[in-house]
Participant: 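The structure under discussion is supplied below as structure tokens; questions concerning it will follow.
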Amino acid sequence: MNIRNEIINITNSINNKSGYSSELLKTYDYGDLDKRDIAYIKRCVFTEIENRFFIDYVISKCSDLELNKLDKIVLEILRMATTEILFMKTADYAVVDEAVELANNLTHYKDYVNAVLREVCRINLDEEDLGDEIKFSINKELLKMLNKSYSKKTVKKLLKSFFYKSDFVIKQNKLKENNLKTNLENQGFVLEQHPFLKDSFIVKNPESTIDTNEFKEGKFIIQDGSCSLCAEVLEPVENSIVLDICAAPGSKSCNIQEITNNQSIIYCNDINENKIYRIKENVNKCGVENVQYMNFDATILQEDLINKFDRILVDAPCSATGVINKNPEIKLFRTKKDVEDLVLIQRKILENCEKYLKKGGILVYSTCSLLKEENEENVDYIENKLNLKREDIDFYGDKNEFIKLMPFQKGTQGFFISKFVKD
Ligand SMILES: C[S@@+](CC[C@H](N)C(=O)[O-])C[C@H]1O[C@@H](n2cnc3c(N)ncnc32)[C@H](O)[C@@H]1O
């Protein structure tokens, strides 16, 4: 296997929107490549996507041909090599040689690639002069939506935060383990208590946490701090009947059953049949019991579920703008139309879930979106159009209308949680 061929293959899959980059990079078949090469591929692909518009801008400054008229493979070779020259420590001459050889094997543009990359090696840019779209590699429509949701100052902080790494957080699974911190520290891991979640820890040296027996045996799950809050806000109690309507891969379902010590019955649904096995895998690994599986489109009303549940979690499909730092392609591809379509889906799911909830039952609506359309505006919609009353949420000792975690605060991803009770 050739490292640079694999970089181009993965980048093409991301360009074709075959899935989130974090998932593609994790599940890609790297064949016989060693750990160092795999790490290089991941870093190069991620950096290129994270800086795509800036990189294209640099290439356009160094090219006589217009980028949108270039052969797709040639453009990808140039993007990869430009990433290596500008952001990685590989020697420029080696990068240019490798790229030219690849261009020679795959295309007729060897001399052109050579000429452009020699210019890239010499380029001197004043980044201050660049607009936000290029500087932060974000598409116009998404930038406009962020500007509509936040002040200029907050948007600037968000744009910078898209390049931050969130803390690596693990959540102890009390169904299986009560002594996680000591056990992992005895193996050399450095753990810090999470600032606002009692059974969660920030791992300072996370490499190889997934190789531990504790992980393989489901004694902890890897879960951003903000996510496990959903289960707490839902307040599941023993003997309650719970619906997790958009459940895959099932981490929040596991959190819920953990709180009731497996003493509630949880129905896990997802539209995607293939993802049901991911829920089952997590449930089995974590020792979670009393689970029923369902596989339907939550936008379509299921008459047999009406008035059946004491608790419902709607962890809705969303723009995922709160996890751009893990999936930077969202900055490039997410459109206004996508968000409008998602809002319709979210509202339809909420309308149906209101019917599934018993009187006095609790519904939690959460997203990993930063956009007001999917968060605050949906809260208004629920309050005004559905038979659900918003409840304040206790967080950090304060009562909050909802919890909104921003990716530039507290080392978490962007996340939104709101809570309602049925009248
Ligand atoms: C944000 S993820 C859920 C994450 C999950 N709650 C967890 O914590 O592991 C949203 C899920 O909704 C599912 N989904 C999308 N549209 C749906 C629909 N119309 N009906 C049911 N599930 C849907 C997706 O397949 C995806 O697995």
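Model, not experiment: these values are computed from the prediction. Numbers here are sequence positions counted from 1. All ligand and atom numbering here is 1-based and tracks the order in the structure.
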Participant: May I ask you to identify, for Ala247, whether its side chain, its backbone, both or neither come under 4.0 Å of ligand 1 on a heavy-atom basis?
Facilitator: backbone

Participant: Provide, to 0.1 Å, the distance between atom 12 (O) of ligand 1 and the closest protein heavy atom, together with that atom's residue and name.
Facilitator: Cys246 CB, 3.3 Å

Participant: For atom 7 (C) of ligand 1, what's the nearest protein heavy-atom neighbour? Residue, atom name and distance, please.
Facilitator: Ser251 OG, 3.5 Å

Participant: Give yes or no for whether the N/O distance cutoff of 3.5 Å, strictly under, is met between Lys252 and ligand 1.
Facilitator: yes

Participant: Can you check whether Lys275 has an N/O within less than 3.5 Å of an N/O in ligand 1?
Facilitator: yes

Participant: Could you find the nearest protein heavy atom to atom 2 (S) of ligand 1 and give me its residue, atom name and distance?
Facilitator: Ala248 O, 3.9 Å

Participant: Which of the numbered atoms in ligand 1 are below 4.0 angstrom from a heavy atom of Pro249?
Facilitator: 7 (C), 9 (O)

Participant: Quick one: are the ring centres of Phe309 and Tyr267 less than 6.0 Å apart?
Facilitator: yes

Participant: Considering residues at least two apart in sequence or located in another chain, which fulfil the ring-ring contact (aromatic ring centres under 6.0 Å, His included) criterion with Tyr20?
Facilitator: none

Participant: At what distance is the nearest protein heavy atom to atom 20 (N) of ligand 1, and which residue and atom is it?
Facilitator: Ala298 N, 2.9 Å

Participant: Give every donor-acceptor pair under 3.5 Å between a side-chain atom in residues 283-294 and any protein atom, sequence neighbours left out.
Facilitator:
unit_1: Asn284; atom_1: ND2; unit_2: Lys280; atom_2: O; d: 3.2
unit_1: Lys285; atom_1: NZ; unit_2: Phe215; atom_2: O; d: 3.4
unit_1: Asn290; atom_1: ND2; unit_2: Asn262; atom_2: O; d: 2.6

Participant: Can you find a pair of side-chain heavy atoms, one from Ile123 and one from Lys61, that are under 4.5 Å apart?
Facilitator: yes

Participant: Give a yes or no on whether the backbone of Val169 and the side-chain of Asp167 come within a donor-acceptor separation of less than 3.5 Å.
Facilitator: no

Participant: More than 12 foreign heavy atoms under 6.0 Å from CD1 of Ile210: is that the case here?
Facilitator: no

Participant: Below 6.0 angstrom between ring centroids: does that apply to Phe402 and Phe416?
Facilitator: yes

Participant: Need the ligand 1 atom indices (1-based, order shown) with element for anything under 4.0 Å from a heavy-atom of Phe296.
Facilitator: 20 (N), 21 (C)

Participant: For ligand 1, is Gly250 a contact, meaning one of its heavy atoms is under 4.0 Å away?
Facilitator: yes

Participant: Where is the nearest protein heavy atom to atom 16 (N) of ligand 1: which residue, which atom, and how far?
Facilitator: Pro317 CG, 3.5 Å

Participant: Would you indicate which of Asp297, Ile279, Asp270, Ile271 comes nearest to atom 11 (C) of ligand 1 when only heavy atoms are counted?
Facilitator: Asp270

Participant: Return the NZ to NZ distance between Lys198 and Lys174, rounded to the nearest 0.5 Å.
Facilitator: 5.5 Å

Participant: What I want to check is whether the side chains of Asn16 and Ser18 have a donor and an acceptor closer together than 3.5 Å.
Facilitator: no

Participant: For atom 10 (C) of ligand 1, what's the nearest protein heavy-atom neighbour? Residue, atom name and distance, please.
Facilitator: Asp315 O, 3.7 Å

